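Please read all numbers here as calculations on a predicted model, not as lab measurements.
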Amino acid sequence: MGRSTQKKELTFEQAMTRIEQILQTLDSGQETLDESLALFEEGTGLVRFCNEKLQHAKLKIKEVVAKNESDGCEEALF
């Protein structure tokens with residue numbers, strides 16, 4: 001995947017930081033077309049990775065809330 005560490009080894013926060021770096025580099029306009037395309041490809045892969053992480057977190061939250069409701073917890077988490 002070019003310049004970054006393997007996506008699966010990244011944390012969500014590391015991926016977001018790398019996306020910000022890519023955007024700054026692309027905004028500078030100093031890259032060649034091929035370099036820009038490679039950065040764009042890396043960035044879209046990182047965005048997909050982050051979206052998957054967020055979806056997983058959302059499902060986990062729903063599971064916890066459902067478990068608390070089924071256990072008779074009266075307190076609302078949100």
*Please round to the nearest 0.5 Å and tell me the distance separating atom OG1 of Thr44 and atom CG of Leu39.*
10.5 Å
*Any chain of hydrophobic side-chain contacts (each under 4.5 Å) joining Val47 to Phe40?*
no
*Check whether Leu23 and Phe12 end up in the same hydrophobic cluster, where Ile, Leu, Val, Met, Phe, Trp and Tyr are linked by side-chain heavy atoms less than 4.5 Å apart.*
yes
*asked:* Tell me the closest heavy-atom pair linking Gln14 and Glu9, and the distance in Å.
replied: OE1-O, 4.1 Å
*Heavy-atom pair with the smallest gap, counting every atom of Ile19 and Cys50*: CD1-SG, 4.1 Å
*Separation of Leu59 CG from Glu63 CD (nearest 0.5 Å)*: 6.5 Å
*Do you know the tightest heavy-atom contact between Phe49 and Leu10?*
CZ-O, 3.3 Å
_Return the CG to CD distance between Leu26 and Gln21, rounded to the nearest 0.5 Å._
12.0 Å
*May I ask you to test the Glu42-Leu46 pair for a side-chain heavy-atom distance under 4.5 Å?*
yes
*Nearest 0.5 Å please: distance from the CD atom of Glu13 over to the NZ atom of Lys53.*
9.0 Å
